[in-house]
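Working notes, beginning with the structure itself.
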Amino acid sequence: MINHLGPAEFFPAAQSCPTTHWDTRPKADDVSLLVIHNISLPPKQFGGSYIEQFFCGQLDKDKHPYFVEIADMRVSAHCLIKRNGQIVQFVPFSQRAWHAGKSSFQGRAICNDYSIGIELEGSDDIPYTSEQYQSLVTVSRHIMTYYPHINLSRIVGHNDIAPGRKTDPGSAFNWPFFRQSLFA
């Protein structure tokens, strides 16, 4: 379990769901980017524990045809925010989660090295819930407190760091509302 770590590494209100899909950052003091993603398993279906199983390498290929394509992928995020606002943490913030893939921000490649990844249970074109925004604001403020290099200009979508390859969090994500809520 990872909840014995300090507040800079673990969000206190998160449910712990440790994964082995992470490694050590090249520079521990280099966390300077927050990346917002979305995920739903199966696509555009919500609920259940398939996302947690996927991030922990335990997704059963026989449960859905789509799972055959992705079950062997080794990916993770630092946190998942479910539709009801529940926060699940897989990787301590101080460590490197495998969420960004081939990516670049402001000319610097390999965003996993210096970013924190938060997944919203959702889809590009389905509105996120008010509970998700509330939890995202709360965990983002927490992260910004402990990682001061992350500021408003360094909170981006997956689409911003992997343009043409990724589209999340998508058109349904209300960036103005989220940004205003961070400082309300």
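All residue numbers refer to positions in the sequence shown, counting from 1. Worth saying up front: this structure is predicted, and the values here are computed from it rather than measured.
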Please give me the minimum heavy-atom distance between [X] and [Y], naming the atom from each residue.
{"X": "Gln106", "Y": "Arg154", "answer": "OE1-NH1, 3.2 Å"}
{"X": "Trp175", "Y": "Val156", "answer": "CH2-C, 3.5 Å"}
{"X": "Phe183", "Y": "Arg141", "answer": "N-NH2, 4.3 Å"}
{"X": "Ile51", "Y": "Ser40", "answer": "CD1-CA, 4.3 Å"}
{"X": "Gly122", "Y": "Phe46", "answer": "CA-CE2, 3.5 Å"}
{"X": "Phe90", "Y": "Cys56", "answer": "CD2-SG, 4.2 Å"}

Verify whether one side chain among Asp124 and Thr167 offers a donor that lies under 3.5 Å from an acceptor in the other. yes
Has [X] got a side-chain atom pairing as donor or acceptor with [Y]'s backbone, closer than 3.5 angstrom?
{"X": "Tyr147", "Y": "Ala8", "answer": "yes"}
{"X": "Gln89", "Y": "Glu9", "answer": "yes"}
{"X": "His158", "Y": "Ile36", "answer": "no"}
{"X": "Ser115", "Y": "Leu33", "answer": "no"}
{"X": "Asp125", "Y": "Ser171", "answer": "no"}
{"X": "Asn112", "Y": "Ala100", "answer": "yes"}
{"X": "Asp168", "Y": "Gly170", "answer": "no"}
{"X": "Ser140", "Y": "Thr138", "answer": "no"}
{"X": "Thr129", "Y": "Gln132", "answer": "yes"}

Specify whether His64 and Tyr66 have parallel, tilted or perpendicular ring planes, treating 30° as the upper limit for parallel and 60° as the lower limit for perpendicular. perpendicular
Assess whether atom CD1 of Ile110 is packed by more than 12 heavy atoms of other residues, nucleotides or ligands within 6.0 Å. no
Is it true that, when you exclude Gln15 itself, more than 12 heavy atoms of the residues, nucleotides or ligands shown sit nearer than 6.0 Å to its CD? yes
Would you say [X] and [Y] are hydrophobically clustered, going by side-chain heavy atoms of ILVMFWY under 4.5 Å?
{"X": "Leu136", "Y": "Ile126", "value": "no"}
{"X": "Val91", "Y": "Tyr114", "value": "no"}
{"X": "Val35", "Y": "Val137", "value": "no"}
{"X": "Leu120", "Y": "Ile143", "value": "yes"}
{"X": "Phe105", "Y": "Ile155", "value": "no"}

Using 0.5 Å steps for rounding, measure from the [atom1] atom of [X] to the [atom2] atom of [Y].
{"X": "Ile87", "Y": "Gln134", "atom1": "CD1", "atom2": "CD", "answer": "9.5 Å"}
{"X": "Asp60", "Y": "Gln53", "atom1": "CG", "atom2": "CD", "answer": "7.5 Å"}
{"X": "Ile116", "Y": "His142", "atom1": "CD1", "atom2": "NE2", "answer": "8.5 Å"}

Got a list of side-chain donor-acceptor pairs under 3.5 Å for residues 69-81, not counting sequence neighbours?
residue, atom, partner, partner atom, Å
Asp72, OD2, Lys61, NZ, 3.0
Ser76, OG, His21, O, 2.5
Ser76, OG, Trp98, N, 3.1
His78, ND1, Gly117, N, 3.0
His78, NE2, Arg25, NH2, 3.4
His78, NE2, Gln95, O, 2.8

I want to know whether [X] and [Y] have ring centres closer than 6.0 Å.
{"X": "Tyr128", "Y": "Phe173", "result": "yes"}
{"X": "Tyr133", "Y": "Phe177", "result": "yes"}
{"X": "Phe67", "Y": "Tyr50", "result": "yes"}

Hits for salt bridge (charged side-chain N to carboxylate O under 4.0 Å, His left out) against Asp23, two or more places apart or cross-chain, chain-then-number order -> Arg96
Set of residues satisfying salt bridge (charged side-chain N to carboxylate O under 4.0 Å, His left out) with respect to Arg108, sequence neighbours excluded: Asp30
Validation row: [X], [Y] side chains within 4.5 angstrom (heavy atoms):
{"X": "His149", "Y": "Val31", "answer": "no"}
{"X": "Ser16", "Y": "Phe10", "answer": "yes"}
{"X": "Arg165", "Y": "Lys102", "answer": "yes"}

Determine, for Lys82 against Glu119, whether the closest basic-nitrogen to carboxylate-oxygen distance falls under 4.0 angstrom. no
State plainly whether the residues Asp160 and Lys166 are in salt-bridge range, i.e. N to O under 4.0 Å. no
Among Leu34, Ile150, Leu152, the one residue meeting side-chain contact (heavy atoms from CB on, under 4.5 Å) with Met144: Ile150
Would Val88 and Phe11 count as a side chain to side chain contact (heavy atoms under 4.5 Å, CB included) if you check the C-alpha gap in whole Å, the side-chain angles of each, and the deciding distance to 0.1 Å? CA-CA 9 Å; Val88 180; Phe11 185 67; over 6 Å; no
